[in-house]
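First up is the structure itself, then whatever we jot down about it.
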Amino acid sequence: MTATLTPPAAGSAASVRAGAVLRRRTRLLALPEVRWAAAATALFLLALPLQLAGAPAWIWGPLYALSYATGGWEPGWEGLKALKDRTLDVDLLMVVAALGAASIGQVMDGALLIVIFATSGALEALATARTADSVRGLLDLAPATATRIAADGTEQTVPVDELTVGDTVLVRPGESVGADGRVLDGASEVDQASITGEPLPAAKEPGDEVFAGTLNGTGALRVRVERDASDSVIARIVRMVEEASETKAPTQLFIEKVEQRYSLGMVAATLAVFGVPLAFGEAFSEALLRAMTFMIVASPCAVVLATMPPLLSAIANAGRHGVLVKSAVAMERLGQIDAVALDKTGTLTEGAPRVVDVRPLRERGLNEAELLTLAAAAEHPSEHPLARAVVDAARERGLDLPAAEGFTSAPGIGVRAVVGGRTVEVGAPARLLAEAEIEAEAEAEAEAEAERAADADGVAAALARELEESGRTAVLVVVDGTPAGVLGIADRLRPDAAATVAALTVLTGTAPTLLTGDNPRAAAHLAAEAGIEDVRAGLLPQDKVGAVRELEGAGHRVMVVGDGVNDAPALAAAHIGVAMGRAGSDLALETADAVIVRDELAAVPATVALSRRARELVVQNLVIAGVFIAGLVVWDLAGTLPLPLGVAGHEGSTVLVGLNGLRLLRDSAWKRAAAEGTG
């Protein structure tokens with residue numbers, strides 16, 4: 001059974017009211033596949049205990065019949081349509097085998113086969129529907145309306161779909177940007193993590209580009225629209241996810257790869273087993289019995305179970321350890337990868353800015369604690385992410401913050417406040433140093449004082465450059481008009497990042513690639529800490545997809561690990577996509593084939609190793625199932641295989657491969673995989 005991703009209807013962007021985004025998710029029972037599978041399962045669970053308890057067949061028989069009908073009509077109908085197109089699939093073969101089992105008294109076995117297939121189809125339909133929900137929900141990132149400035153200066157609230165290239169829009173503090181464009185006037189900081197993945201808001205001033213769906217900070221911006229709504233970066237992300245989902249051919253499990261040959265061969269052989277002896281004078285009942293016995297022992301039930309239990313057991317075991325693998329196909333794919341592409345922010349890093357350096361200027365007589373106290377007290381009223389990082393750093397050190405008075409904030413520059421009688425400014429070094437230089441020239445009463453101020457500016461500028469070259473965001477602290485020190489803020493590497501990179505290198509034989517929208521300097525510094533050499537920075541979503549295609553073009557099966565909206569197209573395009581669950585965007589979580597629920601990066605190589613172990617058990621089971629099928633078929637053709645013995649052998653092989661696959665449910669299987677995942 002297959003399902004397709006339905007593209008969102010035109011104009012499906014929902015409005016944002018009262019700051020809340022309207023989310024649309026397909027209800028579970030709204031899917032017909034889920035309803036039919038649930039009905040078939042419920043009827044089977046009602047009939048089974050009645051049969052086992054010895055109730056009359058007229059009680060449990062109709063329940064089994066309804067289970068066959070509700071769970072088998074859809075694959076049967078699809079199989080008949082495929083048959084009309086001169087193709088034969090395993091779904092139809094399973095329905096026929098189930099009916100054949102029922103015809104010789106094995107009603108329960110046939111019903112179980114029907115339930116398994118119906119449930120599999122329902123899970124596939126649900127996963128597809130949820131992905132479509134998230135693709136549509138992505139459009140909610142962009143506001144439904146924007147403030148357009150007319151030629152006479154008046155303001156009009158219009159739907160974003162009516163904006164055209166050349167229009168000017170006003171983006172007030174705290175609003176989402178309504179269209180892709182370029183800043184004409186104003187200064188602010190814009191959180192564009194949803195597009196570029198950068199952990200910190202980007203300063204915007206005239207001439208800078210902004211994207212629809214990103215969040216404006218504390219300043220007002222006048223933006224000239226440069227792209228239609230249908231061609232915005234957000235809209236292109238939607239299209240890329242849809243196209244990748246449609247063109248990424250679904251991986252087939254082993255039995256599905258040979259379903260045509262096996263199906264045709266089994267049907268032809270069954271007809272031959274029935275027709276040839278009949279033509280040579282064998283009694284009709286004996287020929288039919290032999291043919292039905294052949295169909296039962298040759299049916300791929302054991303082969304199907306040879307494949308599924310190891311993969312499903314691996315899924316269950318991974319789930320207990322905080323990894324949600326969405327399907328058996330995804331679990332199979334994890335073990336096939338030979339190249340890995342990692343996002344930076346929120347994947348290799350913790351995704352939150354932290355103060356990692358405190359550098360006071362000795363000439364000012366402040367130590368680290370005093371410098372951090374003044375900076376945190378001045379930043380305390382601010383809501384900027386950098387301000388929160390400074391305040392959090394002071395609290396972690398147990399510093400008492402005095403009250404700040406006269407707080408003011410200048411977008412793109414920083415904040416100013418009076419703390420303990422001192423005027424404290426915290427912000428961008430380039431802007432604050434320029435202002436300090438102007439003030440020093442205007443207020444200096446003597447040449448010596450001007451020289452001391454110039455020296456402090458030079459030392460502060462050198463410190464800022466040193467921190468920025470090491471991948472930090474430098475924040476200058478100015479006290480009473482003179483630089484007092486510099487803070488270095490960065491997104492901290494996860495503790496297990498380096499070990500995970502090393503483990504993935506061992507597992508795949510190829511070092512991972514870093515794909516990030518962050519600036520090259522910060523990306524290179526963090527990659528060096530994690531042990532990654534191939535760094536591709538400053539990437540937009542389409543660039544990440546291009547990088548994945550490039551790796552695939554070189555013959556690799558790529559696993560992408562990410563967490564943001566900007567990672568979703570690459571997650572969809574990759575051989576397997578894995579999302580970090582704690583801070584992952586809805587679209588990334590739904591698009592990915594697996595989710596690291598607990599945000600433990602080390603679980604990625606462990607899950608890959610577990611998948612490879614599951615694939616080994618699949619091969620073992622296929623060998624076991626093949627030996628049993630071949631032996632029983634030869635017995636039935638060369639001699640007389642009693643039907644009860646044929647059923648026992650068939651069911652015995654099914655049970656055997658099932659139990660072998662269930663070995664991966666044990667905790668020791670995860671421990672072994674984790675050990676392999678750490679090299």
Side-chain angles (χ1 to χ4, degrees), residues 13 15-16 19 139-237 382-387 408-416 427-435 438 473 517-519 538-543 565-566:
S15 60
V16 179
L139 294 172
D140 294 336
L141 288 175
T145 61
T147 303
R148 181 169 61 190
I149 301 177
D152 59 1
T154 59
E155 298 178 5
Q156 302 172 324
T157 300
V158 298
V160 292
D161 292 341
E162 294 184 8
L163 295 176
T164 60
V165 175
D167 283 348
T168 300
V169 295
L170 174 65
V171 186
R172 295 185 174 88
E175 289 184 346
S176 292
V177 179
D180 287 5
R182 201 164 296 276
V183 178
L184 294 177
D185 183 46
S188 185
E189 64 282 340
V190 177
D191 181 354
Q192 49 190 34
S194 60
I195 302 297
T196 65
E198 292 177 281
L200 301 175
K204 298 294 181 181
E205 56 186 17
D208 290 337
E209 187 177 19
V210 292
F211 304 107
T214 55
L215 185 63
N216 188 26
T218 56
L221 299 174
R222 290 175 63 245
V223 176
R224 181 183 182 276
V225 177
E226 293 191 339
R227 296 190 189 97
D228 291 332
S230 61
D231 196 39
S232 68
V233 173
I234 284 289
R236 279 183 280 169
I237 291 176
S382 174
E383 296 182 355
H384 194 284
L386 292 181
T408 59
S409 176
I413 299 177
V415 302
R416 174 181 294 190
R431 299 291 182 85
L432 291 183
L433 287 174
E435 288 190 356
I438 294 173
T473 296
D518 208 349
N519 68 80
L539 304 182
L540 289 174
Q542 61 266 30
D543 302 321
V565 168
N566 60 315

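Quick caveat, the model's predicted, so the values are computed rather than measured.
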Test V190 against L221 for side-chain contact (heavy atoms from CB on, under 4.5 Å), laying out the working first.
CA-CA 10 Å; V190 177; L221 299 174; 4.1 Å; yes
Nearest-0.5 Å distance that lies between atom CG in L184 and atom CG in D208
11.5 Å
Can you check whether E226's main-chain N or O pairs, donor with acceptor, with D180's side chain at less than 3.5 Å?
no
At their closest point, which heavy atom of G186 faces which heavy atom of P206, and how far apart are they?
O-CD, 3.3 Å
Considering all heavy atoms, the nearest S188-T218 contact
OG-N, 3.5 Å
For D161 against A229, the heavy-atom pair lying closest together
OD1-CB, 3.9 Å
Scanning both residues in full, the closest heavy-atom pair of G174 with L215 reads O-CD1, 3.3 Å
Just how far is it from atom CD of E162 to atom OG1 of T145, taken to the nearest 0.5 Å?
11.0 Å
Closest heavy-atom contact between L170 and I149?
CB-CD1, 4.0 Å
Per salt bridge (Lys or Arg N to Asp or Glu O under 4.0 Å), E155 is matched among R222, R172, R148 by R172
State which residues pass side chain to side chain donor-acceptor pair (under 3.5 Å) with T154; sequence neighbours excluded, sorted by chain then number.
D152
Just so I know, are the side chains of V165 and D228 near enough to count as touching, which here means a heavy-atom distance under 4.5 Å?
yes
Of all the heavy-atom pairs spanning V171 and N216, show the shortest one and how long it is.
O-ND2, 3.3 Å
